[in-house]
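If you're wondering where the values come from, they're calculated on a predicted model, not measured in any experiment. For reference, positions follow the sequence shown, starting with 1.
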Amino acid sequence: MIRNGIRFGYVPLMLLGFNGAGLAIVFAGASYFWIAAVLLLAIATSFACERLLPVHDDWNEDQGDSPANLLHAFVYEFNSILGVLLIPLLVWMLPSGDLWPTSWPIVLQLLLAIVMADMAFTAIHYLSHRIPLLWRLHAIHHGVGRLYGFNGLVRHPLHQSLDMIVGTLPLVLLGMPTDVAILLGLAITIQLMIQHANVDYELGPFRGVLSIGQLHHLHHVNWGTEGDCNFGLFFTVWDRLIGSYNDRPSRTIKPGDMGIDEVPQFPKGYFAQLLFPLRYQPGSGAAADARAKLGPIEPAE
């Protein structure tokens, strides 16, 4: 019964429960400290579900990457908080507009922010698999040999900064309030955890709508260029529009199919990973040559 509860309840609890709690906190005018408490509870819940109902038991095993991943998560959240704190300064320094629909209920404002940010994140993600310089930074995220909650927060700080600038600065310039920015940050972190969680959950009618589950597992496979698909963070609509949606792996995804095919010995240490883009030369293997020559992705039949 517990396993079935996790299978069908994990995604609703994470998406609606914890984001709903964040909305309630903001609506009540409570301290932002409680948003951090919600996030910590979401992390603990996700990790517990990974132990009780994993997709692959092997993905729960430490591969010598846990210390680096924990530090990545800390840096990711620190940068996210710093970005929110900078919003008033940006509003003061830059000409911000009054186009943001502040009269809307805050839940609709949050949904608008998610849709707009998701479109920008998808574009950056897509380009990060096409432009060698961006791929060298983004490869940090793909080098991990397993998928679990913290893997979603494994980012090179420079690439995270690019995501934040492209994905959220336009919203700030439109006049997005700080409350909405904080809720957007919470939603993004929770979505990254769901997207990479080692939880064997079911999506039901939302399979093919939300860019999570096996869709993102396929994105992380080390099968040459087959993982160059499903770039969305929240929704699949953008992948469908640009022809990069694929819900049909060519074979069963196994625990050892994660990572970068041309870098089987990906560094485990945090600082070694930060320096990895300086040493990594995309194109050093046959699979990378194929990626460099890759043209527009054709839609799945």
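- Summarising the geometry, atom CZ belonging to Phe271 is positioned 9.0 Å from atom CG belonging to Leu275; distances are rounded to the nearest 0.5 Å.
- Here the straight-line distance linking atom CG of Leu127 with atom CG of Leu133 works out to 12.0 Å at 0.5 Å rounding.
- Using the six-membered ring where Trp is involved, Trp59 and His56 have ring planes that are perpendicular, over 60° apart on the 30 and 60° scheme.
- Note: Leu184 CG to Thr189 OG1 = 9.5 Å, rounded to the nearest 0.5 Å.
- Judged by distance alone, the side chain of Tyr201 and the main-chain N or O of Gly213 form a donor-acceptor pair under 3.5 Å.
- From Arg155, atom CZ reaches atom CG of Leu153 across 8.0 Å, with rounding to the nearest 0.5 Å.
- The shortest non-hydrogen separation linking Gly167 to Phe121 is CA-CE2, 3.7 Å.
- With a 4.5 Å cut-off on side-chain heavy atoms, Phe150 and Asp65 do not count as touching.
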Run the salt bridge (charged side-chain N to carboxylate O under 4.0 Å, His left out) check on Arg251 and Asp257 step by step: do they pass?
CA-CA 11 Å; Arg251 57 188 184 273; Asp257 289 337; 5.3 Å; no
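- Panel note: side chain Arg146, backbone Asp58; no donor-acceptor pair is recorded below 3.5 Å.
- Within the 6.0 Å centre-distance limit, the rings of His125 and His219 are counted as a close aromatic pair.
- In terms of modelled atom types and a separation under 3.5 Å, the side chain of Asn151 and the main chain of His196 share no donor-acceptor contact.
- A donor-acceptor contact shorter than 3.5 Å links the side chain of Asp239 to the backbone of Phe231.
- With contacts defined as side-chain heavy-atom distances shorter than 4.5 Å, the pair Met14/Val11 does not qualify.
- Minimum heavy-atom separation, Gln273 to Val154: OE1-CG1, 4.4 Å.
- Remark: side-chain polar atoms of Arg136 are not paired, donor with acceptor, to backbone N or O of Gln281 under 3.5 angstrom.
- Checked by atom type and distance alone, the side chain of Gln109 pairs as donor or acceptor with a backbone atom of Trp104 at under 3.5 Å.
- Separation of atoms CG (Leu111) and CE (Met116) is listed at 13.0 Å; rounding is to 0.5 Å.
- Atom CG of Leu233 sits about 9.0 Å away from atom CD1 of Ile114, to the nearest 0.5 Å.
- In this structure a side-chain-to-backbone donor-acceptor pair under 3.5 Å is present from Thr236 to Gly208.
- Looking at Lys268 and Pro67, their side chains never come closer than 4.5 Å, going by heavy atoms from C-beta outward.
- Within the 4.5 Å cutoff, no side-chain heavy atoms of Leu173 are placed close to those of Trp100.
- Between His72 and His141, the side chains place no donor N or O within less than 3.5 Å of an acceptor N or O (distance only, hydrogens not considered).
- Taking the six-membered ring for Trp, Phe276 and Phe266 have ring centres closer than 6.0 Å.
- Between Trp135 and His142, the angle of the ring planes lies from 30° to 60°, which puts this pair in the tilted group.
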